[in-house]
> 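Let me begin by handing over the structure; questions about it come next.
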Amino acid sequence: FAQTVTKWRKRNLSWRVRTFPKESHLGHDTVRALMYYALKVWSDITPLNFHEVAGNNADIQIDFSKADHNDGYPFDGPGGTVAHAFFPGDHHTAGDTHFDDDEYWTFRSSDTHGMDLFAVAVHEFGHAIGLTHISAIESIMRPYYQGPVGDPLKYDLPYEDKVRIWQLYGVRESVSPTAKPEVSKTDDHPILPELPENRSTVPLRRDVPDRCNTHFDAVAQIRGEAFFFKGKYFWRLTRNKHLVSLQPAQIHRFWRGLPLNLDSLDAVYERTSDHKIVFFKGDRYWVFKDNNVEEGYPRPISDFGLPLGGIDAAFSWAHNDKTYFFKDNLYWRYDDQERRMDPGYPLVAVLWKGIPSPLDDAMRWSDGASYFFKGKEYWKVLDSELEVQPGYPQSIARDWLVCS
Amino acid sequence: APTPAEEDITRGVDWLTKFGYLPPPDPVTGQLQTQEELTKAITAMQRFGGLEATGVLDEATLELMKTPRCSLPDLTTEETRRKR
């Protein structure tokens, strides 16, 4: 039981759900989303940054285990001990977090027999970053399970816990600074977590656009999922084109580091070279790794060899992995591997016969086709073809945003 | 107060040891904790849990011991030692 106060020396910590609950009604994506939001509770107020990874080298390995699982803290079936996490340190289990798979894990459930996974995860991640138990009745670090703590998107740590974690890591100065990750592996592409389903408890804001009756500022495929951006919001579709929620998420709450006063985006795309995500607005752009902006951004779009004045659209063509930028009736071709604009551009945008100009945005999709968006309509061009498919344009709202 | 059953005392001692309130029995001599140590441990546990600190394994204390919780101990070795 010997334990002195320890903390992480680095500020960028990776995480991964290695094993999921076996018989829970909670889907993998919901579990990942709850872990994401439980970590975010801590990173929102400290200089810590968490990013999900797919590989085996995550700082915080998350497992759902039963009984004796060879770490000296055997679980004891339903009730009793429900979870634990290892404090920071040099040992290989530091940060690892284990949940008892014999518990009935729930999310937004009125079932009093269930264990609210988000509430327990916030507590355990407190340990994973160095907090011990305390007796304060309001604290999330009280050792006893105290029931659900409400909406993960709105949860605010008790003051007692804020003070203790600030004593370890200091205060987060702003939402923008994010140091470059210390470890970066090409085969370790992080996956963005799902937003939790059932967002019905989130009240509609007055400036929320109507997804069925709007033209979008930007559209992008990111890690296989489609993102439709409008104003300060975005909608998200899974790989199988299911809308994650009818209600949009707020851009600045999900993509940490964009200016809070950003009222819209021009274009977004995922770089094929390193899977980082690039956001454009006016003469500036930002590069994100996962949900966090990289250090040193925004930068001017002249870095790409683009003229000032902004762009309308950006996408990577599956046919040649080159990135295409559009502005009015012009387009440029950029080599993301070489990090330079191909010579001879801009050209008048007639490469894909039938697409309109100016575009709102474009993206490649998992079916290999390219999709071009303007107003309330979209056009489809098959993989290596240079002409719009017959029957287009079609309705964005109907085909992508689940509108009748 | 009613005297706790022997089974409750055994379970209570296990619980208090598991969560850092009582040092484990001496592995060489096998000597168990004294009644005084046990009372102090129960008192500490009650204070930490927000209960009235009676030092007795009463119903509320046993109930709190049955509450689902994190596996990690509440007190560090240093704190346990200091309390002793």
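Here is how names work: the chains are called A, B, and so on, in the same order as the sequence lines, proteins then strands, and each is numbered from 1.
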> Side chain, backbone, both or neither: which part of A/Phe75 has an atom under 4.5 Å from a heavy atom of chain B?
side chain
> Can you tell me which portion of A/Glu103 sits under 4.5 Å from chain B's heavy atoms? Options are side chain, backbone, both or neither.
neither
> Quick check on A/His91: does its NE2 atom have over 12 non-hydrogen neighbours (other residues, nucleotides or ligands) under 6.0 Å away?
yes
> Please flag which part of A/His98 lies under 4.5 Å from any non-hydrogen atom of chain B: side chain, backbone, both or neither.
neither
> Taking side chain as everything from C-beta outward and backbone as N, CA, C, O, which of these in A/Asp100 sits under 4.5 Å from a heavy atom of chain B? Side chain, backbone, both or neither.
neither
> By a 4.5 Å heavy-atom criterion (distance strictly below it), what part of A/Met141 contacts chain B: side chain, backbone, both, or neither?
neither
> For the residue pair B/Arg47 and A/Ser135, what are the closest heavy atoms and their distance?
O-CB, 4.5 Å
> Can a donor-acceptor pair be found, under 3.5 Å and without considering hydrogens, that links the side chain of A/Thr81 to the backbone of B/Cys70?
no
> In terms of heavy-atom pairs under 4.5 Å with chain B, which of A/Pro74, A/Gly80, A/Ala136 leads?
A/Gly80
> For A/Ala85, is it the side chain, the backbone, both, or neither that has a heavy atom closer than 4.5 Å to a heavy atom of chain B?
backbone
> Give me the atom names and distance for the closest heavy-atom approach of A/Pro143 to B/Arg69.
O-CB, 3.1 Å
> Which distance, rounded to the nearest 0.5 Å, do you find between the CG of B/Asp74 and the CD1 of A/Ile134?
11.0 Å
> Nearest 0.5 Å, please: how far is OH in A/Tyr144 from CE in B/Met65?
7.5 Å
> Anything under 3.5 Å between a donor and an acceptor, one on a side chain of residues 155-162 of chain A, the other on a protein residue two or more places apart or in another chain? List them.
{"from": "A/Asp156", "atom 1": "OD1", "to": "A/Lys162", "atom 2": "NZ", "distance (Å)": "3.0"}
{"from": "A/Asp156", "atom 1": "OD2", "to": "A/Lys162", "atom 2": "NZ", "distance (Å)": "3.3"}
{"from": "A/Asp161", "atom 1": "OD1", "to": "A/Ser139", "atom 2": "OG", "distance (Å)": "2.5"}
{"from": "A/Asp161", "atom 1": "OD2", "to": "A/Ser139", "atom 2": "OG", "distance (Å)": "3.3"}
{"from": "A/Asp161", "atom 1": "OD2", "to": "A/Ile140", "atom 2": "N", "distance (Å)": "2.8"}

> Taking all heavy atoms of A/Arg142 and all of B/Gly49, pick out the closest pair and write down the distance.
NH2-O, 2.7 Å
> Donor-acceptor pairs under 3.5 angstrom involving side-chain atoms of residues 50-57 of chain B: please list them, not counting sequence neighbours.
{"from": "B/Thr54", "atom 1": "OG1", "to": "B/Gln46", "atom 2": "NE2", "distance (Å)": "3.1"}
{"from": "B/Thr54", "atom 1": "OG1", "to": "B/Val56", "atom 2": "N", "distance (Å)": "3.2"}
{"from": "B/Thr54", "atom 1": "OG1", "to": "B/Asp58", "atom 2": "OD2", "distance (Å)": "3.4"}

> Look up atom NE2 in A/His133 and atom CZ in B/Phe48, then write down how far apart they are to the nearest 0.5 Å.
7.5 Å
